[in-house]
Amino acid sequence: MNLDRTVQVAGLPIKTVRDAIREMSRHDGNDYGWSVERLGDHLKISATHAEWICDTLQQQGILERAPQPDGRWHSPGMYYRLSPAGTRFTNASMLKRIDRARVDRLLADLLERVKEINANDDLCYFVNEIRLFGSALDKKGVSFSDVDICYVLERRKTPSQYKDWTDWSIARAEQGHRQSMQYFEMLNYGETEVKRLLKSRSPYISLHDLNDVMAIGAESVRLYVAPEGGIEAQNGSMSGEALSQAAMNAAVKNAATRDTGKSTSTAITAETPRIRLVRAIKSLAFDMLRAIDETVPLEALERSIVVAHESIEVYRREGEMERVEDILRKALSIEIIEQEKAAKTGGFIFSEDRERWAHDGTNGKLAAKCGMKHAVIEQLKCTIADRRDSDLNNGMIGQFEAYRRAEYDSWKYRQEHGYDWYGPERLSDRAVVTLRRIANGIVEKLDKQALKTLSENGFIKLFRKIKWRLTAKGERAIKYHDERDAWLKKKNEIGGDSELGDPATTGF
């Protein structure tokens, strides 16, 4: 597949969209797909704009809707994933098109490299079959974007000097000076090495696994099959027609299994009108602010306006109890957004930490950040309305100066009090149990490793060389874990999925 650089998808260059979808797919190891919010975060666009991109690619057969993954690990939203034909889009190039003569030379060179690979017994894999598919099959074609090659690789029989095939692949990685690889990459180096040799850095050669080709139902023509019985595979079979037929049968079975799995998969549930309304309103606010500050495709802003209007109408037709005005306030209010964010990410806060925050600049920085946001928004409102307010600049400057003062207070506090790099939150459960046993005067059967950790980090010290006792840091650690246990108990009573309020207001 060849892409035209001048084409745009939902107001963005096609190369930008291709690279983004490629990145989303690269991290989609479990085939759950990705949400429009995640794609928007990657492209730095609104969720509505990202949804527009996904809808456009879905209409072109590149993407498909995916069901909502497990809510325990994935946020709710609209999910998309690559369709069977989408791999060609992510692998598509934007190179200058080539003629038939160049294609023939590329194929001839490729087949020569295949013979060299199969003749090299040091390689972990051999090539059992090469097939051609795609536009290069068209004999009447004049120009081509790339050459789509389907390969079938098989593992060679492990040489006697290696314990197993995995050991052989790791050794090949080390021989290729690839020690900086991750362990998983070294395990797969044998296959990676052969595919690199096949491609030979040619940008026009596009390699595809047989499973992918069968999944999209593409027509293909065989160009090469390994000599019958010439190479022994890891599973004891021999190269040639029988091994090729076995690989073909397995690919057909995998394609059928994939289709069956998708046909019986969980149905895609429609989002509630309220969720779509909140997303549309936030996206509209984002696109309007973005249009103020940078050059953006105005089609995206126009679409956000249309989607927001339609979402409001749909919500009102449903006759929901909550007023649209209240939803708008919750979706756009800076204070409410910050409170919801703190509730989602908040956890246990030690009482002494809260006291320290009042002196080390932490509270000051939080207040200054909030003030900076409001000052910037006020400045934007006056700029758009062509209104002048001499106090605005002074207010904005004051908030930035307050943040710098808080940063200085933080530095000064650290200089005077130091910083404890091994606090009570880092102690293991075993160390906490040992610390409490010492606090209760129990000296029998203390864990030796826990004693070593506690003594090295200043939680305990020897008394008269025969008995352990707590230091001031150890007493603070006891207090920390007592408060934390009480907080966890209260949280479990409320409900494991519920958010417990601020410890300062709940008494913990």
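We're numbering straight along the sequence, starting at 1.
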A.B. asks: I'd like to check the side chain to side chain donor-acceptor pair (under 3.5 Å) partners of K365; sequence neighbours left out, ordered by chain and number.
C.D. replies: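 Side chain to side chain donor-acceptor pair (under 3.5 Å) list for K365, sorted by chain: empty.
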A.B. asks: Side chains of D55 and E51: closer than 4.5 Å at any heavy-atom pair?
C.D. replies: yes
A.B. asks: Measure the shortest side-chain to side-chain distance between F89 and L82 over non-hydrogen atoms and say whether it is less than 4.5 angstrom.
C.D. replies: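 Heavy-atom side-chain distance check fails, nothing below 4.5 Å.
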A.B. asks: More than 12 non-hydrogen atoms from neighbouring residues, nucleotides or ligands closer than 6.0 Å to NE2 on H359, yes or no?
C.D. replies: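 It does not: H359 NE2 has 12 such atoms or fewer within range.
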A.B. asks: Is the count of non-hydrogen atoms from other residues, nucleotides or ligands lying under 6.0 Å from K473 atom NZ greater than 12?
C.D. replies: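 Enclosed: over 12 neighbouring heavy atoms sit under 6.0 Å from NZ of K473.
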A.B. asks: Less than 4.5 Å apart, side chain to side chain, heavy atoms only: is that true for L39 and C54?
C.D. replies: yes
A.B. asks: Donor-acceptor pair, distance only, cut-off 3.5 Å: does the side chain of S410 make one with the backbone of A406?
C.D. replies: no
A.B. asks: Could you state the interatomic distance from CG (L197) to CG (L110), rounded to the nearest 0.5 Å?
C.D. replies: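 Reported to 0.5 Å precision, the distance equals 11.5 Å.
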A.B. asks: Does a side-chain N-to-carboxylate-O contact under 4.0 Å join R436 and D485?
C.D. replies: yes
A.B. asks: Just do the side chain to side chain contact (heavy atoms under 4.5 Å, CB included) check on T192 and E185 with the steps written out, would you?
C.D. replies: CA-CA 9 Å; T192 303; E185 294 176 312; over 6 Å; no
A.B. asks: Do L198 and I205 pass the side chain to side chain contact (heavy atoms under 4.5 Å, CB included) test, and can you show the C-alpha distance, the side-chain angles, and the key distance before you say yes or no?
C.D. replies: CA-CA 9 Å; L198 280 175; I205 296 292; over 6 Å; no
A.B. asks: Got a sec, which residues hit side chain to side chain donor-acceptor pair (under 3.5 Å) with S206, two or more places apart in sequence or on another chain?
C.D. replies: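 So S206 forms a side chain to side chain donor-acceptor pair (under 3.5 Å) with H208.
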A.B. asks: Taking salt bridge (Lys or Arg N to Asp or Glu O under 4.0 Å) as the definition, give me every residue that meets it alongside E401, ordered by chain and number, with sequence neighbours left out.
C.D. replies: none
A.B. asks: Kindly give the heavy-atom pair with the smallest separation between S202 and L106, and that separation in Å.
C.D. replies: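 Distance-wise, the nearest heavy atoms are OG-CD2, 3.8 Å.
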A.B. asks: Restricting to salt bridge (Lys or Arg N to Asp or Glu O under 4.0 Å), what partner residues turn up for D99, sequence neighbours left out?
C.D. replies: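 Listed in chain order: nothing, the list is empty.
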A.B. asks: Counting only heavy atoms not in Q415, do more than 12 sit closer than 6.0 Å to its CD atom?
C.D. replies: yes
A.B. asks: If you look at every heavy atom in T471 and G458, which pair is closest and at what distance?
C.D. replies: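 Where T471 meets G458 most closely, the heavy atoms are OG1-O, 2.5 Å.
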A.B. asks: Under a 3.5 Å distance rule, please check whether S83 uses its side chain to pair with a backbone N or O of G61 as donor and acceptor.
C.D. replies: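 Yes: the side chain of S83 pairs with the backbone of G61.
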A.B. asks: For the atom pair CG (N363) and CH2 (W357), what is the distance rounded to the nearest 0.5 Å?
C.D. replies: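 Here the rounded value is 7.5 Å.
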A.B. asks: So that I can tick it off, tell me whether E37 and R279 are bridged by a salt bridge, with the cut-off set at under 4.0 angstrom between side-chain N and carboxylate O.
C.D. replies: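 Counted as a salt bridge, because a side-chain N and a carboxylate O are separated by less than 4.0 Å.
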A.B. asks: Tell me, which pairs form a ring-ring contact (aromatic ring centres under 6.0 Å, His included) where one or both residues lie in residues 49-72, sequence neighbours left out?
C.D. replies: H49-W52
A.B. asks: Closer than 4.0 angstrom, basic N to acidic O: yes or no for K341 and E338?
C.D. replies: no
A.B. asks: Indicate yes or no: at least one non-hydrogen side-chain atom of L470 is less than 4.5 angstrom from one of F459.
C.D. replies: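 Sidechains of F459 and L470: no contact.
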A.B. asks: Report the distance from atom OG1 of T453 to atom CG of L427, rounding to the nearest 0.5 Å.
C.D. replies: 8.0 Å
A.B. asks: For a 4.5 angstrom cut-off between non-hydrogen side-chain atoms, does R81 reach D31?
C.D. replies: yes
A.B. asks: Does any pair with a residue in residues 281-291 pass salt bridge (charged side-chain N to carboxylate O under 4.0 Å, His left out), and if so which ones, sequence neighbours excluded?
C.D. replies: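 Listed once each, the pairs are R290-E294.
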A.B. asks: Counting neighbours of CD on E302 that are heavy atoms of other residues, nucleotides or ligands and sit closer than 6.0 Å, is the number greater than 12?
C.D. replies: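 Open.
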A.B. asks: Does R65 make a cation-pi contact with Y80 (under 6.0 Å, within 45 degrees of the axis)?
C.D. replies: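 Satisfied, under 6.0 Å and within 45°.
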A.B. asks: Could you grab the distance from atom OG1 of T16 to atom CD1 of I21, nearest 0.5 Å is fine?
C.D. replies: 11.5 Å
A.B. asks: Side-chain contact test, heavy atoms from C-beta onward, threshold under 4.5 Å: evaluate it for L301 versus L284 and give yes or no.
C.D. replies: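 Touching, per the 4.5 Å side-chain cut-off.
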A.B. asks: So, for D146 and S135, which heavy atoms are closest and what is the spacing to 0.1 Å?
C.D. replies: O-OG, 4.1 Å
A.B. asks: Applying salt bridge (Lys or Arg N to Asp or Glu O under 4.0 Å), name anything that partners D326, two or more places apart in sequence or on another chain.
C.D. replies: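 Salt bridge (Lys or Arg N to Asp or Glu O under 4.0 Å) check on D326 returns R323, R329.
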A.B. asks: Quick one: do R38 and D41 satisfy salt bridge (Lys or Arg N to Asp or Glu O under 4.0 Å)? Show the steps, please.
C.D. replies: CA-CA 5 Å; R38 183 180 166 198; D41 291 343; over 6 Å; no
A.B. asks: Checking I460 against T434 for the side chain to side chain contact (heavy atoms under 4.5 Å, CB included) test, could you report, in this order, the C-alpha distance in whole Å, the side-chain angles of both residues, the deciding distance, and whether it holds?
C.D. replies: CA-CA 10 Å; I460 58 175; T434 303; over 6 Å; no
A.B. asks: Would you give the length of the straight line joining atom CG of D138 to atom CZ of F144, rounded to the nearest 0.5 angstrom?
C.D. replies: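 It comes to 6.5 Å.
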A.B. asks: When you measure from the side chain of T90 to the backbone of T87, do you find a donor-acceptor pair of N or O atoms at a distance under 3.5 Å?
C.D. replies: yes
A.B. asks: My understanding is that only residues two or more places apart in sequence, or in another chain, count here; which of them pass side chain to side chain contact (heavy atoms under 4.5 Å, CB included) with H417?
C.D. replies: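 Counting only residues at least two positions away or on another chain, H417 forms a side chain to side chain contact (heavy atoms under 4.5 Å, CB included) with Y413.
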A.B. asks: Which atom names give the shortest non-hydrogen contact between A280 and A308, and what distance separates them?
C.D. replies: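 Scanning both residues, the minimum pair turns out to be CB-CA, 3.8 Å.
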A.B. asks: Just how far is it from atom OG of S143 to atom CZ of R102, taken to the nearest 0.5 Å?
C.D. replies: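 Here the interatomic distance stands at 13.5 Å.
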A.B. asks: Write out all pairs satisfying salt bridge (charged side-chain N to carboxylate O under 4.0 Å, His left out) with one or both partners inside residues 306-321, taking only residues at least two apart or from two chains.
C.D. replies: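 Checked against salt bridge (charged side-chain N to carboxylate O under 4.0 Å, His left out) - neighbours excluded - no pair reaches residues 306-321.
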A.B. asks: What is the minimum heavy-atom distance between I53 and A10, and which atoms define it?
C.D. replies: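 For I53 and A10, the tightest heavy-atom pair comes out as CG1-CB, 3.6 Å.
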A.B. asks: Could you check whether any side-chain heavy atom of E493 comes within less than 4.5 Å of a side-chain heavy atom of K489, counting everything from C-beta outward?
C.D. replies: yes
A.B. asks: Could you list the residues that satisfy salt bridge (Lys or Arg N to Asp or Glu O under 4.0 Å) with R430, not counting sequence neighbours?
C.D. replies: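 So R430 forms a salt bridge (Lys or Arg N to Asp or Glu O under 4.0 Å) with D447.
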A.B. asks: Given side chains that start at C-beta, do those of F350 and E425 come closer than 4.5 Å, heavy atoms only?
C.D. replies: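 Heavy-atom side-chain distance check fails, nothing below 4.5 Å.
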A.B. asks: So for atom OH, which belongs to Y32, do other residues, nucleotides or ligands contribute more than 12 heavy atoms lying within a distance under 6.0 Å?
C.D. replies: no
A.B. asks: Count the heavy atoms belonging to other residues, nucleotides or ligands that lie under 6.0 Å from NE2 of H309, then report whether that count exceeds 12.
C.D. replies: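 At most 12 heavy atoms, drawn from other residues, nucleotides or ligands, come within 6.0 Å of this atom.
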A.B. asks: Salt bridge check, K330 against E322: does any charged N sit closer than 4.0 Å to a carboxylate O?
C.D. replies: yes
A.B. asks: Do E378 and K381 sit within salt-bridge range, that is, some charged N less than 4.0 Å from a carboxylate O?
C.D. replies: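 Counted as a salt bridge, because a side-chain N and a carboxylate O are separated by less than 4.0 Å.
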A.B. asks: Do we see a donor-acceptor contact under 3.5 Å between the side chains of Q399 and Y403?
C.D. replies: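 Result is no, nothing qualifies.
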A.B. asks: Step by step, would you call R476 with Y480 a side chain to side chain contact (heavy atoms under 4.5 Å, CB included)?
C.D. replies: CA-CA 6 Å; R476 180 174 179 270; Y480 173 91; 5.6 Å; no
A.B. asks: For E416, which residues count as a side chain to side chain donor-acceptor pair (under 3.5 Å) partner, sequence neighbours excluded?
C.D. replies: none
A.B. asks: Going by side chain to side chain donor-acceptor pair (under 3.5 Å), name the residues that satisfy it together with K195, two or more places apart in sequence or in a different chain.
C.D. replies: none
A.B. asks: Could you tell me which non-hydrogen atom of G40 sits nearest to which non-hydrogen atom of A50, and how far apart they are?
C.D. replies: N-CB, 3.7 Å
